[in-house]
Amino acid sequence: MDQERALRIQKKYGQTSLNGQKKEFSMGGPGGPPNRRQAMGGKPKDTKGTMLRLMQYLGKEKKWILAAAVSMIFYTISSLAASYMLRPIINRFIYFDSSDGDITKRVRGLAGALAVLALVYGVSVFSQWLQQRIMLYVSQKSLLRMRKELFDKLQTLPISYFDNHTTGDIMSRFTNDVDAVGEMLNTTFIQMISGGITVIGTIVLMLYTNVILGMMTILITPVLMLTSKMLIKTGRRAYASQQSKLGILNGFAQETITGQKVVKIFNHEEIAIDEFDFLNEELLHAQIKAQFRSGIMGPVTHQLCNIGYAVTACVGAILAVVKGFDLGGLAVSVNYTRQFNRPINEISMQMNNVFSALAGAERVFAVMDQEPEKESQDTVVPDKMKGNIVVDHVNFGYTPEVTVLRDISLYAKPGQKIAFVGSTGAGKTTVTNLLSRFYDIQTGSITIDGIPIEKIERGFLRSNIAMVLQDTHLFTGTVRENIRYGRLDATDEEVEEAAKIASAHFFIKNLENGYDTILEQDGANLSQGQRQLLNIARAAISKAPILILDEATSSVDTRTERHIEEGMDAIMQDRTTFVIAHRLSTVRKSNAIMVLEKGRIIERGTHEELLEMNGRYADLYHEIAELD
């Protein structure tokens, strides 16, 4: 990759410069949407709060948690008891004077003691399996709720949120982030709690066996905890950065894969590869840093534990020689030292899962904490919506600093067709976004049937608006189901009638299974024009009194467009229709045509009236006529 291209990519994504120094770049213009590439990670905002929120998910399965806790206690007690049983076994049956007592009797006693020991270990193994099985169920139920809450939350968020976040980054929260939480809840969480209980039980038995050896082992604990705390602090930040960069990489990959035709037609394969390599390298460095900072904890604490184990063994041997400390007690004390250090070491080794889970959970909770679409106070649900629309001196900007629409005024009645034409970026689509309340106006008013639009319950408002967008979208399912999406109670006959109106019936009948043909991957087995015809049929089947067509026929040929217009004329008779089109032939029959430039209506009138004005509309018309 050459130096100039590298700098361009770094500037685009706001990453580190070539010499490793951190540089920030703002890609959004004044008033534009936030640069969704800039949030590259950082320190978790509230680790304690995040953990408490995760515990709330587990708390909804209290009975199962209690069962897991009981199993955990049985596991801990049986494990500690099995270790302590070695003391009497060694003292009574192994270390003894051969001239003292019946050897055969001692061997039988040893066999019986070992059988009991095996039984205790069996209880330990079963208890551990049971607690893991229970926690697997609890964790998966918790993840089910988390995914549901995340998906439900996304349905309540405003369009602006999706405008400012890539699909890949949002999907990364469903996959990578939730999976990281699941891994922690499945194993790490229960291991850490079990380890904590084991440490406490081991301390009690160590002190009971030998106070001196027990205290020596315990004194190592502050060193372990201080070391772990220092490593946790650096590892937590590194994992937050890793999860964020993973989301950005997924977002870029998703955008590039879905836009392969655009990439290839402009020969941007190498540019896409360079950008992916850059983001992949950034993720690599973040992952190496995160894995190193968390992975170093295991070896460090492990060696500290080994030092404690060696010191305990040496001092215990001295006590056995000087103070007559029994060999069974020495063996148990050394074993407890190892057992005491093992859960601490395991907990430290599990911290990478904890870091990843907390970073992922924060990203999930960040979505859940987003403000949903705010419903106005005292909204109403009219008995019926007719479609009398009045837009009065409306001003709007996606950000307060930049005004996109300026002093827009118009009215429309049922049966009327209002068209918007103008240059790209003039504000045509923005007007329809306001009518659907994807965004709320800043000043002025919009009323429908005399009711301010913000006072109409949002769900009711949108159920009375049918929209066909330039960007088609079909869902996985049959052709019939996709058309019926416009009105779920529509009959099969009504579905086919809507398809005929949209001139889609002919090509549907020629599909392999007709209306029962399964569509996948956004209708990838259909042409762009066919997908748009299905979207138009979806709008045609709706009984909504307001119809919005945003470049609805841009993907079909002129002949098909004429057929669609004939069908649409029939369903427009009692509807208030707004049409956005670059093809002026599409808007010629409109009752009124609004010509927008730079967010203002500069001309309005019928096709003939606007041609007589010899203004901007006439220029557009003559330009297109010359091209034809």
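Computed from a prediction, not measured in an experiment: that's the story for all the values here. In what follows, residues are counted from 1 in the order of the sequence shown.
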- Message: I want to check something: taking the side chain as every heavy atom from C-beta on, are E373 and T156 in contact at a cut-off of under 4.5 Å?
- Response: no

- Message: I'd like to know if the side chain of R538 reaches the main chain of A466, judged simply by a donor and an acceptor atom lying under 3.5 Å from each other, with no hydrogens or angles considered.
- Response: no

- Taken in chain and number order and not counting sequence neighbours, the residues that satisfy side chain to side chain donor-acceptor pair (under 3.5 Å) with T430 are Y398

- Message: According to side-chain contact (heavy atoms from CB on, under 4.5 Å), who are the partners of L284, at least two apart in sequence or on a separate chain?
- Response: E281, I288

- More than 12 heavy atoms of other groups within 6.0 Å of K598 NZ: no

- Note on the structure: Of all heavy-atom pairs linking K153 and V367, the shortest is CG-O, 3.5 Å

- For the pair L434 and V431, evaluate side-chain contact (heavy atoms from CB on, under 4.5 Å) and give the outcome as yes or no after the intermediate values. CA-CA 5 Å; L434 297 181; V431 175; 5.8 Å; no

- Message: Minimum heavy-atom separation for M467 and S436, please, with both atom names.
- Response: CE-OG, 3.1 Å

- Query: Rounded to the nearest 0.5 Å, how far does CZ of F578 lie from CG of L549?
  - Reply: 11.0 Å

- Task: Specify the closest pair of heavy atoms between A361 and T50, including all atoms of both residues, with the distance to one decimal.
- Result: CB-CG2, 3.6 Å

- Task: Answer yes or no: is there an ion pair linking R173 with D177, defined by an N-O contact shorter than 4.0 Å?
- Result: no

- Item | L143/R147 under side-chain contact (heavy atoms from CB on, under 4.5 Å): CA gap, chis, key distance, verdict | CA-CA 6 Å; L143 293 184; R147 284 191 292 265; 3.9 Å; yes

- Task: Report the distance from atom OH of Y439 to atom CD1 of I159, rounding to the nearest 0.5 Å.
- Result: 7.0 Å

- Distance from Q287 atom CD to L246 atom CG, nearest 0.5 Å? 6.5 Å

- Message: Looking at S423, is its backbone amide N or carbonyl O close enough to the side chain of E597 to form a donor-acceptor pair, meaning the two atoms are under 3.5 Å apart?
- Response: yes

- Is any side-chain heavy atom of Y485 less than 4.5 Å from a side-chain heavy atom of E481? no

- Item | Heavy-atom check, side chain of V364 versus side chain of V181, under 4.5 Å | no

- Is there side-chain contact between I546 and L435, with at least one heavy-atom pair below 4.5 Å? no

- Task: Mind listing the closest non-hydrogen atom pair of Y57 and R145 along with its distance?
- Result: O-NH1, 3.9 Å

- Query: Side-chain donor-acceptor pair under 3.5 Å between T403 and N395, yes or no?
  - Reply: no

- Hey, are E149 and R53 close enough for a salt bridge, meaning a charged N less than 4.0 Å from a carboxylate O? no

- Query: A540: what forms a side-chain contact (heavy atoms from CB on, under 4.5 Å) with it, not counting sequence neighbours?
  - Reply: A498, I501, I571

- Item | Sub-4.5 Å side-chain heavy-atom contact between M368 and M146 | yes

- Measuring from N482:CG to T517:OG1, what's the distance to the nearest 0.5 Å? 11.0 Å

- Query: Is there side-chain contact between L54 and L358, with at least one heavy-atom pair below 4.5 Å?
  - Reply: yes

- Shortest non-hydrogen contact from L526 to L534? CD1-CD1, 3.6 Å

- Task: Using a 4.5 Å cut-off on heavy atoms from C-beta on, say whether the side chain of V138 contacts that of L185.
- Result: no

- Rounded to the nearest 0.5 angstrom, the CD-CG distance for Q442 and D440 is 10.0 Å

- Could you go step by step and tell me if L474 and N535 meet the side-chain contact (heavy atoms from CB on, under 4.5 Å) rule? CA-CA 8 Å; L474 299 174; N535 279 329; 3.8 Å; yes

- Message: So does F276 get a backbone contact from the side chain of N280, meaning a donor-acceptor N/O pair under 3.5 Å?
- Response: no

- Which of parallel (below 30°), tilted (30 to 60°) and perpendicular (above 60°) describes Y621 and Y617? parallel

- Query: About how many Å separate CD1 of I453 and CZ of R458, when rounded to the nearest 0.5 Å?
  - Reply: 9.5 Å

- Answer yes or no: is there a side-chain heavy-atom contact under 4.5 Å between L547 and V579? no

- Query: Got more than 12 heavy atoms from elsewhere within 6.0 Å of CZ, F506?
  - Reply: no

- Item | Nearest atoms (heavy-atom pairs only) where I483 meets I541 | O-CG2, 3.4 Å

- Query: Taking atom CD of Q155 as the centre, does the number of heavy atoms from other residues, nucleotides or ligands within less than 6.0 Å exceed 12?
  - Reply: yes

- Task: Decide side-chain contact (heavy atoms from CB on, under 4.5 Å) for K245 and L279; before the verdict, give the C-alpha distance in whole Å, the side-chain angles of both, and the deciding distance to 0.1 Å.
- Result: CA-CA 8 Å; K245 292 183 179 182; L279 294 176; over 6 Å; no

